[in-house]
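Working notes for the structure below.
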Amino acid sequence: MPRLSRLAPYLLPFCLILAGTASATDYNTGDVQAHGGWHSLVLSLGEERHFRAIDQQSYSDAIFSVNASAGACEVPWLELRVALAENQAESATVNRVPADLRVDHATIHRGSAAFVTERGDDGFYVRFALPDLALLLEEMAEGELLRLRMMRGEDDPWFMVFGLAGAGEAIERLHRLCAEAGR
């Protein structure tokens, strides 16, 4: 089996394809920087700028990201994109479910997750709403593993685990790039 380091040049382009925003619109990707298993990057379309820190290592069909937009840097958001077999026929919020996120053995962050599809996109998006996102981001910067639990139904949990090696540096760069764009 090839070593992961030999595959890295091929993984970045694949993951950047998956890193698109929650719409079928194609953004230009630039200023990509590796941080362990995470990357930080800039998405642009015309004057619009978004900044992203993405997990590059945990799943071949899913990308977890921390995002911020120029002009709204103080309101970052978390998003999970899961690749689907086909493009979606409509844009819709399919469901809203309880979600828990936890870094290592730190705080259990209880919130909600909206399951969203976008017309023409082959991704399924999960957008998280949490009451104390700033604390979660601090914990992610220092932690080793991020654990997610989303309750798709009463007795139907969906668990995912994401490595955090490099997350702190990627998130810090996202914040720095976003702040610089506002100047």
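One is the number of the first residue; the rest follow in order along the sequence.
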Is the shortest side-chain heavy-atom distance between Asn28 and Val42 below 4.5 Å?
no

Not counting sequence neighbours, list each pair that qualifies as a salt bridge (Lys or Arg N to Asp or Glu O under 4.0 Å) and has a residue in residues 163-178.
Asp31-Arg173, Glu172-Arg176

Closest approach of Trp38 and Gly163, non-hydrogen atoms and distance?
NE1-O, 2.9 Å

Provide the full list of ring-ring contact (aromatic ring centres under 6.0 Å, His included) pairs with a residue in residues 95-117, sequence neighbours left out, each pair given once.
Phe115-Phe124

Just how far is it from atom CD of Gln57 to atom CG of Leu164, taken to the nearest 0.5 Å?
8.5 Å

Just wondering, do Ser40 and His35 contact through their side chains at under 4.5 Å, heavy atoms?
yes

Side chain Arg49, main chain Ser44, donor-acceptor under 3.5 Å
no

I'd like to check the side-chain hydrogen bond (donor to acceptor under 3.5 Å, both in side chains) partners of Ser69; sequence neighbours left out, ordered by chain and number.
His50

Is the shortest heavy-atom distance from the side chain of Val126 to the side chain of Phe128 under 4.5 Å?
yes

Who pairs with Ser65 by side-chain contact (heavy atoms from CB on, under 4.5 Å), at least two apart in sequence or on another chain?
Arg52, Ile54, Asn67, Glu79

Which residues pass the side-chain hydrogen bond (donor to acceptor under 3.5 Å, both in side chains) test with Asp104, not counting sequence neighbours?
none

Using the side chain to side chain contact (heavy atoms under 4.5 Å, CB included) rule, take Val103 and Leu145 through it: C-alpha gap first, then chi angles, then the decisive distance, then the call.
CA-CA 6 Å; Val103 173; Leu145 290 175; over 6 Å; no

Applying side chain to side chain donor-acceptor pair (under 3.5 Å), which residue pairs with at least one partner in residues 154-165 are found, sequence neighbours left out?
Arg152-Asp156

Hey, does Phe64 have a side-chain heavy atom less than 4.5 Å from the side chain of Met160?
no

Side-chain heavy-atom pair Leu80, Ile63 within 4.5 angstrom cut-off:
no

Sequence neighbours left out, what pairs pass disulfide (SG to SG under 2.5 Å) with at least one residue falling in residues 53-153?
Cys73-Cys178

Contacts satisfying salt bridge (Lys or Arg N to Asp or Glu O under 4.0 Å) that involve residues 140-151 (not counting sequence neighbours) are Asp100-Arg149

Met150-Val94 co-clustered via ILVMFWY side chain contacts under 4.5 Å:
yes

Using a strict cut-off of less than 4.0 Å between a Lys/Arg side-chain nitrogen and an Asp/Glu carboxylate oxygen, indicate whether Asp121 and Arg81 qualify as a salt bridge.
yes

Among residues two or more places apart or on two chains, list those pairs meeting ring-ring contact (aromatic ring centres under 6.0 Å, His included) that have a residue in residues 65-91.
none

Among all residues two or more places apart in sequence or in another chain, which pass the side-chain hydrogen bond (donor to acceptor under 3.5 Å, both in side chains) test with Thr107?
Glu139

Pairwise distance CG(Leu84) to OG1(Thr117) - rounded to 0.5 angstrom:
8.5 Å

Atom of Ala170, atom of His39 and distance for their closest heavy-atom approach:
CB-O, 4.0 Å

Residues forming a side-chain hydrogen bond (donor to acceptor under 3.5 Å, both in side chains) with Glu138, sequence neighbours excluded
none

Can Leu43 be reached from Val32 by stepping across I, L, V, M, F, W or Y side chains whose heavy atoms are under 4.5 Å apart?
yes

Tell me whether Leu41 is reachable from Leu45 by hopping between hydrophobic residues (I, L, V, M, F, W, Y) whose side-chain heavy atoms are closer than 4.5 Å.
yes

Test of ring centre spacing under 6.0 Å for Tyr59 and Phe162
yes

Look at the side-chain heavy atoms of Ile, Leu, Val, Met, Phe, Trp and Tyr, link any pair under 4.5 Å apart, and say whether Ile108 and Met151 land in one connected group.
no

Side chain to side chain donor-acceptor pair (under 3.5 Å) pairs touching residues 82-97, sequence neighbours excluded, are Ser91-Glu118

Is there a side-chain contact between Val161 and Ser58, using heavy atoms and a 4.5 Å cut-off?
no

Looking at CG of Leu136 and CG of Leu146, how far apart are the two atoms once the value is rounded to the nearest 0.5 Å?
6.0 Å

